[in-house]
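What follows is a single structure, written as structure tokens, with notes after it.
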Amino acid sequence: MALVITEEQQMLKTSAKELLKEKGPVAQLRKLRDEKNPIGFDENLWKEMVEMGWAGLTIPEAYGGLDFGYTGLGQVLEETGRTLTASPLNATVLLCATAINLGGNVLQKERLLSAIAEGQLLLAFANDEGAHHNPNHVETTVTTNENGTVLNGTKTFVLDGHVADQFVVVAKSKGEVGLFMVDANAKGISRERIIMMDSRNVAIVNFDNVLLDEDAALDSFEKGGSALLEKTLDIARIGLAAEMLGGIQESFERTLAYIKERQQFGIVIGVFQALQHRMAELYCEIELCKSIVIKALKAIDEDSSDLPRLASLAKAKLGETYKLASNEGIQLFGGIGMTDDEEIGFFLKRARVVQQTLGDTNFHLDRLAKMKNY
Amino acid sequence: MALVITEEQQMLKTSAKELLKEKGPVAQLRKLRDEKNPIGFDENLWKEMVEMGWAGLTIPEAYGGLDFGYTGLGQVLEETGRTLTASPLNATVLLCATAINLGGNVLQKERLLSAIAEGQLLLAFANDEGAHHNPNHVETTVTTNENGTVLNGTKTFVLDGHVADQFVVVAKSKGEVGLFMVDANAKGISRERIIMMDSRNVAIVNFDNVLLDEDAALDSFEKGGSALLEKTLDIARIGLAAEMLGGIQESFERTLAYIKERQQFGIVIGVFQALQHRMAELYCEIELCKSIVIKALKAIDEDSSDLPRLASLAKAKLGETYKLASNEGIQLFGGIGMTDDEEIGFFLKRARVVQQTLGDTNFHLDRLAKMKNY
Amino acid sequence: MGNIETKTNLDVFRKEVRAWLEENCPESMRKPVKSPDDVYWGGRKGDFDSDDQKVWYERMLAKKWIVPYWEEKYGGGGLNSQETKIITEEMMRLSCRKPLFSFGISMLGPALLKFASDEQKMRFLPEIVQAKIRWCQGYSEPGAGSDLAGLQTKAEDKGDHYLVNGQKVWTSYADKSDWIFCLVRTDFDVPKHNGISFLLIDMASEGVSTRPIKLISGKSPFCETFLDNVKVPKENLIGELGQGWTIAKYLLTHERQMIGGIGETRKPRPLSAVAIKGVGLTHGILSDSSLRADVAKFEMDEAIFDMTIERAIDEAKAGNNSGALSSFFKYYGTELNKQRYELMLALNGYKGLAWEGESSNNGELARAFCRTKGNSIEGGTSEIQLNIISKRILGLPSK
Amino acid sequence: MGNIETKTNLDVFRKEVRAWLEENCPESMRKPVKSPDDVYWGGRKGDFDSDDQKVWYERMLAKKWIVPYWEEKYGGGGLNSQETKIITEEMMRLSCRKPLFSFGISMLGPALLKFASDEQKMRFLPEIVQAKIRWCQGYSEPGAGSDLAGLQTKAEDKGDHYLVNGQKVWTSYADKSDWIFCLVRTDFDVPKHNGISFLLIDMASEGVSTRPIKLISGKSPFCETFLDNVKVPKENLIGELGQGWTIAKYLLTHERQMIGGIGETRKPRPLSAVAIKGVGLTHGILSDSSLRADVAKFEMDEAIFDMTIERAIDEAKAGNNSGALSSFFKYYGTELNKQRYELMLALNGYKGLAWEGESSNNGELARAFCRTKGNSIEGGTSEIQLNIISKRILGLPSK
């Protein structure tokens with residue numbers, strides 16, 4: 001596989017850039033934040049995204065999608081990273097549609113995937129139970145009692161959990177990890193919305209004896225529930241890395257443009273060699289980021305067995321570089337960068353939240369070390 | 001305790017600087033190296049050091065020393081770090097005299113300490129048994145058989161082990177760690193000299209059923225052998241940190257002087273801001289180094305219970321900074337720095353060897369973490 | 001009087017201070033300060049938040065310990081530096097809050113004492129102690145940033161007064177302050193450092209207005225301050241005409257030490273404790289080995305930085321003065337603090353990322369994290385400090 | 001001929017190459033190279049170390065695969081880049097050593113092909129392939145360092161020849177070489193980049209002498225080369241008079257890619273394997289948690305750097321060219337290699353620090369470690385590469 005995108009993927013990227021620049025810029029996130037928007041994203045923009053096919057990019061044609069692949073979705077996510085556009089792409093499309101497509105049976109796919117592709121369904125992926133990403137630590141249970149099959153447990157940091165129509169819940173059934181579809185309006189569910197630093201939303205969701213449908217389990221993945229969870233997460237980590245790549249490049253380019261125009265002591269500060277070298281070093285790190293993101297995206301589409309390693313490399317490297325890029329951004333913008341009026345601070349905030357989402361750099365370095373038995 | 005040296009300590013430091021500059025400069029180490037000197041240090045210079053009282057700086061007056069304290073010895077060691085002077089100060093005075101003074105009985109002290117103070121005795125401290133500093137991993141044993149009490153085991157990285165008259169050997173006797181005086185010419189001892197990267201010497205010493213004197217054990221430390229070992233090592237680590245401080249400052253000052261005179265593109269390279277900021281950052285680290293060294297040296301003289309923490313802080317921080325300073329030295333000297341003719345490379349080499357001696361930065365960060373139960 | 005006698009007297013003094021504080025400092029004034037809004041700042045617009053706050057301020061005022069080391073005629077206690085230190089130490093020991101938070105004491109006072117006329121000192125210093133006037137600082141200007149000397153606010157000589165026009169930015173709490181001490185340009189024809197003067201302006205004057213600046217933390221501790229044809233009496237000039245830069249530099253050195261850590265009294269919670277709570281242990285070792293390494297490295301640098309403050313004080317006592325050290329403390333202290341908060345975020349995981357809601361105390365950690373990013377910008381950026389170290393300490397040449 | 005047909009032909013070619021190599025490459029020529037002394041360099045002074053070395057070189061020469069991609073008239077194989085790549089890949093697969101190590105092939109050849117006259121090509125290229133002449137590079141001068149264009153070695157026009165005077169430094173293996181390709185100043189009156197020319201000099205000429213430079217590794221791969229009234233025939237000038245800088249830049253780009261990693265064939269042992277062996281595991285985790293974090297971080301960067309080489313090749317194929325990228329590869333690749341050796345030392349502990357003696361293979365690791373420090377200096381320092389990235393890629397201004 002060549003580590004370049006195809007012409008078609010480039011066209012998709014260009015159209016994403018144009019739409020998001022016009023209708024989903026950073027100013028829009030600021031507006032959603034300031035008006036304390038109860039949904040947390042722009043429903044009209046989401047409709048346009050759906051019309052452009054983004055909700056179904058990775059969904060097979062048989063279920064109403066475009067079957068365009070994750071490398072394509074990655075291009076769109078990269079652009080949402082540049083504009084910091086909040087949308088259901090991460091939770092509904094990247095996480096949940098992936099899980100359903102990998103692990104659902106034909107009926108589930110027919111029911112759910114086409115609704116997703118049409119923008120009729122918002123989903124949320126409920127996995128973590130503590131303050132840190134730790135997918136294998138699952139105390140939520142699915143058990144059978146006199147009423148039927150019930151779900152019990154509490155999930156933290158559920159992206160879009162406050163608006164989701166349904167949840168994909170990771171729970172243990174007879175000691176085995178499995179994924180279960182749960183109607184968000186079912187009896188026994190309570191959810192608390194939490195507005196995060198990056199003005200996105202998560203929810204803490206409590207499941208108290210929630211009765212599950214008979215066909216709730218996504219249990220058609222050949223290697224079992226635990227493998228389904230891991231593969232879903234790895235794909236989503238790579239998608240997030242693509243988003244991060246957009247944010248990193250945008251921060252970097254804004255900072256670069258700023259130091260080319262900002263005057264101090266009668267000259268633009270971009271002439272100072274100490275700043276030049278820091279920017280050049282950051283440039284190098286970004287070159288590495290581009291490589292791992294395209295490599296990992298292609299690996300999803302080629303169903304590579306190397307996916308876990310590539311996913312951890314991507315999330316680890318992009319997390320580290322986003323931190324560096326956003327810190328340099330604030331520092332080089334100086335006092336202006338510290339004000340809420342200037343947008344560079346939004347990237348700092350997104351960098352810290354997306355760093356923690358699905359495992360931070362430390363988590364993935366640890367995972368990489370374990371893969372190599374050390 | 002004020003974190004400054006006294007006038008007397010300053011005088012000692014000044015006289016050390018003068019003597020070493022004249023008689024023990026880097027050129028002398030080069031000479032010892034090039035002539036493949038069988039001893040590895042200059043015996044005449046050692047005699048002068050002894051005459052100046054350095055061998056007895058930390059030895060009580062009752063045993064022929066000056067009882068001047070470790071803060072004083074630290075000043076001398078710092079100066080040997082500037083000139084990279086090889087001498088028995090590290091092995092004989094810093095390590096072994098300390099162990100004997102702390103753990104020996106009156107007879108042992110009378111016998112050994114005065115001989116050390118007079119420069120009549122060279123000692124070597126034999127502790128580690130593997131490729132990494134790991135003082136608690138001791139497989140060398142002292143056992144009793146029909147012939148008497150015998151020592152068995154192999155020690156690595158024994159500083160000055162090839163020329164020592166006696167060893168202080170760390171061994172287990174009845175499961176407990178203890179320190180034992182062993183005549184280097186006793187039957188059953190074989191030693192292999194190894195010339196290290198920094199042109200100093202260590203030896204691998206093998207003890208094969210070596211018969212010990214009755215009064216071999218240094219067992220008069222009130223808290224026992226394991227505590228004696230730890231305290232001896234902590235004191236020696238701080239002494240090494242003092243030596244490292246000298247090397248760090250010398251590398252830094254030589255590099256600073258060089259970039260003030262070296263011309264490239266028609267100007268001295270010291271005007272380049274990227275280099276200035278790196279030098280300024282290094283300067284800051286060196287300020288921290290000075291603080292921990294003086295703090296830790298004074299803690300020895302005040303018999304502080306905080307010694308283990310301070311020793312690890314000192315060795316960890318100085319190790320990290322010496323690495324940085326010596327790397328910046330080579331890089332900023334450029335091609336010239338890569339040649340054996342230029343002396344800056346000697347600091348690079350010493351930095352790497354002294355880093356490993358008695359525990360590198362990682363070892364001590366780990367120890368610090370364990371002290372705080374994490 | 002010999003050394004021993006002095007020491008005995010100081011011991012007696014310490015006992016008296018301790019006893020007095022224990023009796024007079026209300027219990028609630030011994031609790032940690034939660035935010036800058038939680039303390040008494042005085043001034044025309046300022047009021048006490050609680051009876052205890054009022055009692056504590058008034059008792060300390062009566063005792064003349066608001067600024068113990070100023071002369072009594074200025075409202076101080078007339079105490080020497082050893083006695084002052086004892087009061088500070090004993091207050092720290094009991095966790096007593098400062099009775100009055102005041103830029104007048106910490107930032108303007110030193111300039112007045114060194115550069116003002118006797119008349120000016122008598123006029124302004126007692127009002128500071130009496131908390132009648134709350135002061136703010138007007139140095140920075142929009143677009144000037146690190147290039148402080150490039151400031152453009154001008155003060156024209158109109159005979160009996162200066163006519164001031166311009167704009168200041170980053171004035172802390174300007175919206176709550178009564179007077180502002182300003183750097184203004186009084187001469188455009190001389191090299192830029194030389195044409196600057198130090199002027200005190202009553203913010204009740206016609207033409208003065210302020211607008212809060214919202215920071216990335218969501219809070220607004222700073223303002224923009226607009227000066228539009230403001231008439232300032234000539235007797236409000238401090239020092240000589242054109243001496244403003246000298247005065248400002250003198251004060252900036254004070255400020256840098258404050259920001260960099262010298263003068264800090266409250267110790268934050270050890271990071272290792274946060275780590276153990278936030279991440280947990282496996283086989284007695286922090287479960288995340290990268291974080292463990294980072295925390296250990298941070299705690300090393302933090303501990304040794306504290307020793308370096310200690311050493312600098314001892315060196316100063318021993319007469320080994322080194323001026324540009326304040327740049328080192330400012331640089332290293334602020335970079336360390338930023339690192340601390342990066343680690344705090346990493347250790348707290350999702351919990352540290354909440355921005356609103358009670359469970360996170362309205363995003364306390366996330367907002368504090370954002371605020372730390374300004375540490376290495378305000379009071380001279382890290383880059384400026386490194387430049388100063390390069391030039392003044394290391395003697396590296398400019399082009 | 002369509003794509004499919006070509007691909008089939010290439011598959012056939014690959015099979016042939018593989019079969020031929022398997023049959024013709026002696027077993028000992030498939031072992032890793034231990035040091036630069038362990039390979040065949042050719043030249044007047046060079047000899048084969050072993051029969052296998054000789055057989056291998058001669059077979060490859062007869063097969064015209066010493067430089068497969070040069071035209072046959074120059075002694076090459078006349079093959080295209082796809083075929084050449086197949087030969088390289090198959091040689092790597094079998095771990096075949098290069099039959100001839102030659103700066104003539106890697107560093108001079110590209111310049112001759114692009115800038116030399118037909119006559120010059122016919123004269124010099126075949127001798128390179130035939131290993132008759134060993135070449136070295138004479139760019140750097142004492143004191144010049146990164147300021148290559150400031151060179152002072154002068155070549156005066158004496159009618160039928162140039163008279164060359166000056167001194168070169170960092171000439172690799174000059175003491176073992178036959179000819180040197182040099183940058184010399186032919187005009188002192190024009191801006192410094194413009195007065196430089198590219199000259200080939202027979203080192204057997206009167207007035208040429210060399211002296212090895214001992215490095216901190218204790219080895220002497222480089223020399224100083226003295227040029228003292230050396231007469232050089234005018235036909236030895238490559239390209240136009242004054243075109244030397246252009247030629248040198250063209251070659252430096254090649255060289256940077258070599259040093260930075262592109263073109264490297266041998267993969268070092270994974271650092272994690274060294275770590276497990278050197279430090280050991282506790283509960284399945286590397287016993288030293290700081291080192292574990294460092295190793296994981298290094299392996300991350302190393303793996304992604306390799307992917308970046310892969311991506312650059314793919315981008316180039318797709319026509320997305322970016323010229324200054326060679327500076328990125330040179331900078332990042334050399335810094336990574338230095339890091340690798342820092343970690344190797346840390347992981348090997350005392351064992352890695354020995355300088356002499358058999359057990360350490362005469363200090364192999366310690367000396368290699370020392371040698372890596374030069375990576376970020378030779379071929380343009382890291383600082384120069386960062387300058388180039390700043391200016392050419394990022395478009396940051398000079399003063």
Side-chain angles (χ1 to χ4, degrees), chain A residues 1-7 10 252-253 255-257 259-260 267-296 306 309-310 312-318 320-321 361-362 364-374, chain D residues 270-277 279-281 284-287 289 291-297 299-301 303-320 322 324-325 327-329 331-332 335 382-383 385-399:
Chain A
M1 57 172 184
L3 296 184
V4 287
I5 56 174
T6 63
E7 248 175 79
Q10 181 58 55
F252 179 73
E253 289 164 18
T255 308
L256 186 62
I259 69 170
K260 285 180 182 175
I267 42 174
V268 294
I269 62 175
V271 307
F272 291 117
Q273 196 197 30
L275 307 192
Q276 291 185 345
H277 280 200
R278 279 156 56 183
M279 290 302 278
E281 282 165 2
L282 184 49
Y283 164 84
C284 293
E285 297 298 342
I286 296 172
E287 282 301 302
L288 265 71
C289 288
K290 290 178 188 169
S291 308
I292 178 61
V293 167
I294 182 81
K295 180 100 179 173
D306 203 16
R309 186 180 75 98
L310 293 173
S312 279
L313 283 173
K315 194 65 177 45
K317 185 69 194 174
L318 276 283
E320 178 194 67
T321 308
T361 297
N362 294 321
H364 288 289
L365 286 178
D366 179 68
R367 186 168 178 242
L368 286 163
K370 282 179 182 149
M371 282 178 205
K372 288 193 147 189
N373 303 310
Y374 70 93
Chain D
L271 207 60
S272 50
V274 179
I276 293 168
K277 181 153 183 279
V279 178
L281 304 174
I285 298 291
L286 201 69
S287 301
S289 57
L291 265 178
R292 179 173 187 259
D294 289 346
V295 170
K297 165 96 175 63
E299 290 205 319
M300 169 180 82
D301 286 334
I304 303 179
F305 182 67
D306 286 350
M307 292 173 202
T308 306
I309 295 173
E310 192 184 337
R311 181 169 67 85
I313 293 167
D314 291 344
E315 295 263 19
K317 275 186 207 151
N320 312 330
S322 40
L325 265 184
S327 285
F328 156 71
F329 284 113
Y331 166 71
Y332 212 94
E335 294 296 330
S382 281
E383 289 78 10
Q385 307 312 327
L386 291 174
N387 284 344
I388 294 173
I389 293 169
S390 303
K391 304 284 188 303
R392 296 217 206 124
I393 305 183
L394 305 184
L396 285 166
S398 303
K399 226 168 228 177

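In the text below, chain A, chain B and the rest are named by the order of the sequence lines, each starting its count at 1. A quick note: this is a predicted structure, and the numbers were derived from the prediction, not measured.
- With D:R311 as the partner, the side chain to side chain contact (heavy atoms under 4.5 Å, CB included) test is satisfied by one option alone out of A:L288, A:L3, A:I292: A:L3.
- Here the OH-CG distance, from D:Y332 to D:D301, works out to 4.0 Å after rounding to the nearest 0.5 Å.
- With a threshold of 4.5 angstrom between heavy atoms, A:D366 approaches chain D through its backbone and through its side chain.
- Across A:E287, A:K370, A:E285, the residue that shares the most heavy-atom pairs under 4.5 angstrom with chain D is A:E287.
- Within the 3.5 Å criterion, the main-chain N or O of D:F328 finds no donor-acceptor partner in the side chain of D:Q385.
- Only the side chain of D:I276 comes within less than 4.5 Å of a heavy atom in chain A; its backbone stays farther off.
- Scanning all heavy atoms of the two residues, the minimum distance from D:S398 to A:V271 falls at O-CG1, 3.7 Å.
- D:L394 is listed as a side-chain neighbour of D:I389, based on a closest heavy-atom distance under 4.5 Å.
- Note that the CG atom of A:L282 and the OG1 atom of A:T321 stand 7.5 Å from one another [nearest 0.5 Å].
- Proximity to chain A is absent for every atom of D:V279, based on heavy atoms less than 4.5 angstrom apart.
- At a 4.5 Å heavy-atom cutoff, the contact between A:K372 and chain D is made by backbone and side-chain atoms alike.
- Of the atoms belonging to D:I304, heavy atoms from both backbone and side chain fall under 4.5 Å from chain A.
- Remark: A:L368 engages A:R309, A:S312, A:L313, A:L365, A:M371 in a side-chain contact (heavy atoms from CB on, under 4.5 Å) (not counting sequence neighbours).
- The greatest number of non-hydrogen atom pairs below 4.5 Å with chain A, out of D:S382, D:G395, D:A293, is found for D:G395.
- Options A:Q273, A:Q276, A:K260 differ in how many heavy-atom pairs under 4.5 Å they form with chain D, and the most are formed by A:Q276.
- With respect to chain A, the highest number of heavy-atom pairs below 4.5 Å among D:E383, D:K297, D:E299, D:M300 belongs to D:M300.
- Between D:K317 and D:I313 there is a side-chain heavy-atom pair separated by less than 4.5 Å.
- A:E281 is linked by a side-chain contact (heavy atoms from CB on, under 4.5 Å) to D:Y331, D:L386, counting only residues two or more places apart in sequence or in another chain.
- Proximity to chain A (any heavy atom under 4.5 Å) is restricted, for D:A303, to the side chain, taken from C-beta onward.
- For D:E335, no part lies near chain A; criterion is any non-hydrogen pair under 4.5 Å.
- Only the side chain of D:K391 comes within contact range of chain A, with heavy atoms under 4.5 Å apart.
- Proximity to chain D (any heavy atom under 4.5 Å) is shown, for A:L275, by neither the backbone nor the side chain.
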